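Structure first, commentary second.
Just so it is clear, the model here is predicted, and its values are computed rather than measured. Throughout, a chain's letter reflects where its sequence line sits, starting with A, and its residues are numbered from 1.
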Number of protein chains: 2
Amino acid sequence: MKTLRLTSSDRAILLNARFFSRLPRTAIEAIVEGATVSTHETHDTLFRQDDPLDDVLVVLSGLVRLYRLGKDGREADVAVFPRGELIGVNAIFLDRRATANAQAAEPSIIARLEGAKLRRLAAEDTAVAQALLELLCHHGKLAEDCLAEDRLLTAPQRVANYILSHCPNGSESFSFRLPFQKSVLAGKLGLAPEALSRAFSTLRQSGVVVKGRVIEIRDRQALEQF
Amino acid sequence: MKTLRLTSSDRAILLNARFFSRLPRTAIEAIVEGATVSTHETHDTLFRQDDPLDDVLVVLSGLVRLYRLGKDGREADVAVFPRGELIGVNAIFLDRRATANAQAAEPSIIARLEGAKLRRLAAEDTAVAQALLELLCHHGKLAEDCLAEDRLLTAPQRVANYILSHCPNGSESFSFRLPFQKSVLAGKLGLAPEALSRAFSTLRQSGVVVKGRVIEIRDRQALEQF
DNA sequence: GTCTTAAATTGACCCGTATCAAACAACTTC
DNA sequence: GAAGTTGTTTGATACGGGTCAATTTAAGAC
């Protein structure tokens, strides 16, 4: 289901997104003008691997999972995009085809920006180009982190890392709520859901208490040295 | 060992690099002006994780391996850069610190471009910004490929993939020479050298013959379905 | 060419995690 | 609130690949 224009609340969310927050108002208006919005249920597919794709998607609310399919049908997540993230920037500067499948991991509202317009603006306005450069560098770093984690850490270590990345620095004990389902976290960390579950129970002996989506940390140091 | 200026042959190599080939001569001159060159032996370290780094390195010849260290001292390659590649673009647009260690994987000649200048040029010249955007998108895609491979494919499948990526399309049988040591290939594919060796011997039954650095493929179809 | 050192291979073993199956818990929907 | 659906946990098992050690092979040095 599509609506032609962004509502004012959609607009407000966009303005808060990291990508847009660095840009002058006029640039934002130029980018957003003509954008369309769509709503999606959990498990809806937004686009498929190898599909022609000349749009950038912005997650206004909800969550989008980007994954590739193996020959045998197995899925491997390559990224998970929360509210405010841009999806498909790579594609519009390369061959304008999706490199992976995208699906909503929960009920989501998605804005679509035209790739052609973004390319034009990037070529005309160095502020836009600059913002894109920073975005891509950030994504690059995240991808590097992810690859290194996969190759260096065991499942409990990856989970400990993830938990610590949510720790307000300085505090020794804290708790937070997972921003999505555990199965999504498992995918993001490159694990089967069962392995995530087992990792949590391994971490119990290091002071991690899991109650539903809420995670409580009693001893940060124990986690750090895991 | 450093030389202050690029030789004319260094310059020629730069002009052939994918990044520079899209740029007008004037832009290239502006970027390259003031660059320094250094030569390195195998295993020399170019920079270390978390070091301040406000340069972009260009591999003029040789090979550079980018890797992260685990707590236990294990190394995980995050990228391997052959001649013509740029290293450290992410860093100059983020916090100007290295996100990984870089070491020469064979005797190498490296050019250093100043990050500050590159940033300035990217902000002034949209052609430079454009070239950087395309470069980063390409790197992003490669990183995504790598992550997906790690998560979806077994060791023999990754090796088969690598071999096929060197197959001149259309040909049913062919052979080529590995552009670097097998241990480097192993790291690039996220494998221990032993695992690479075993993968090769598994692929022998699919018509892959390995003689030193030369790889011969007798039956492409068998490889593709592996 | 021979000597020396580094790289690659092979075997034995073990650890980590995927997979399958089943029990359980938590939401929906009516 | 009951019934069905979906998500999570637990156990048993199998497989892939890492690690260590011992050879074999290849590559540099003289």
Side-chain angles (χ1 to χ4, degrees), chain A residues 41-44 63 65 67 70-77 103-107 149-161 177-204 208-215 226, chain B residues 41-44 63 65 67 70-77 103-107 148-160 177-204 208-215 226:
Chain A
E41 293 306 309
T42 306
H43 297 138
D44 277 9
L63 193 73
R65 197 170 75 88
Y67 64 96
K71 281 203 272 278
D72 49 3
R74 277 175 39 241
E75 301 181 352
D77 287 26
Q103 87 170 179
E106 42 181 85
E149 273 204 5
D150 268 29
R151 292 183 171 181
L152 287 172
L153 305 183
T154 65
Q157 289 173 323
R158 286 180 223 175
V159 176
N161 243 16
R177 190 180 154 78
L178 286 178
F180 33 64
Q181 290 189 157
K182 288 180 187 161
S183 57
V184 175
L185 177 58
K188 181 177 154 74
L189 298 178
L191 300 170
E194 297 95 322
L196 176 64
S197 192
R198 283 186 240 273
F200 274 134
S201 68
T202 299
L203 292 176
R204 207 162 33 215
V208 175
V209 181
V210 179
K211 278 201 269 323
R213 274 201 188 179
V214 178
I215 305 209
F226 205 95
Chain B
E41 294 307 309
T42 306
H43 297 138
D44 277 8
L63 194 72
R65 196 171 75 87
Y67 64 95
K71 280 203 273 277
D72 49 2
R74 275 174 42 239
E75 301 180 353
D77 288 26
Q103 85 169 183
E106 42 180 86
E149 274 204 5
D150 268 30
R151 293 183 171 179
L152 287 172
L153 304 183
T154 65
Q157 288 173 323
R158 287 180 223 176
V159 176
R177 190 180 153 79
L178 285 177
F180 34 63
Q181 290 189 154
K182 287 181 189 163
S183 58
V184 174
L185 177 58
K188 182 177 152 73
L189 298 179
L191 298 171
E194 297 94 323
L196 175 64
S197 193
R198 283 185 241 273
F200 274 133
S201 68
T202 299
L203 292 177
R204 206 164 32 217
V208 175
V209 180
V210 179
K211 277 201 271 312
R213 275 203 188 177
V214 177
I215 305 208
F226 205 95

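- If you take CG of B:Leu152 and C1' of D:dC15, they are 17 Å apart, rounded to a whole angstrom.
- The interatomic distance linking A:Glu106 (CD) with C:dC27 (P) rounds to 14 Å, in whole Å.
- Straight-line distance from the CG atom of B:Leu153 to the P atom of D:dG16: 13 Å, rounded to whole Å.
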Margin query: Pair B:Phe226, B:Val208 - check side chain to side chain contact (heavy atoms under 4.5 Å, CB included), show working.
Written below: CA-CA 12 Å; B:Phe226 205 95; B:Val208 175; over 6 Å; no

With the criterion being N/O to N/O and under 3.5 Å, what pairs connect the protein with nucleotides 5-11 of chain C, and how long is each?
from	atom 1	to	atom 2	distance (Å)
C:dA8	OP1	B:Lys182	N	2.8
C:dA8	OP2	B:Ser183	N	3.1
C:dA8	OP2	B:Ser183	OG	3.3
C:dT9	OP1	B:Lys182	NZ	2.8
C:dT9	OP2	B:Ser197	OG	3.2
C:dT9	O5'	B:Ser197	OG	2.9
C:dG11	N7	B:Arg198	NH1	3.0
C:dG11	O6	B:Arg198	NH2	3.1

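- Looking at heavy-atom distances under 4.0 Å, B:Arg151 makes no contact with the nucleic acid at all.
- Rounded to whole Å, the distance from CG on B:Asp72 to P on C:dG16 is 12 Å.
- We find that CG of A:Leu178 is positioned 15 Å from P of C:dA26, with the value rounded to whole Å.
- Here CG of B:Leu63 is found 10.0 Å from CD of B:Gln103. Values are rounded to the nearest 0.5 Å.
- Taking atom CG of B:Asp150 as the reference point, atom P of D:dG18 lies 10 Å away to the nearest angstrom.
- The distance between atom CG of A:Leu203 and atom P of D:dT9, rounded to the nearest whole Å, is 13 Å.
- For A:Arg151 and B:Asp77, the salt-bridge test fails: no basic side-chain N is under 4.0 Å from an acidic carboxylate O.
- With contacts defined as side-chain heavy-atom distances shorter than 4.5 Å, the pair A:Arg213/A:Lys182 does not qualify.
- Taking OG1 of A:Thr42 as the reference point, atom CZ of A:Arg65 lies at 11.5 Å (rounded to 0.5 Å).
- The two residues B:Leu196 and B:Ala186 have their closest heavy-atom pair at CD2-N, 3.8 Å.
- In this structure, B:Leu189 atom CG and D:dG17 atom C1' are separated by 14 Å, rounded to whole Å.
- Candidate nucleotides C:dA18, D:dG17, D:dT19 were compared by shortest atom distance to the side chain of A:Leu191, and C:dA18 ranks first.
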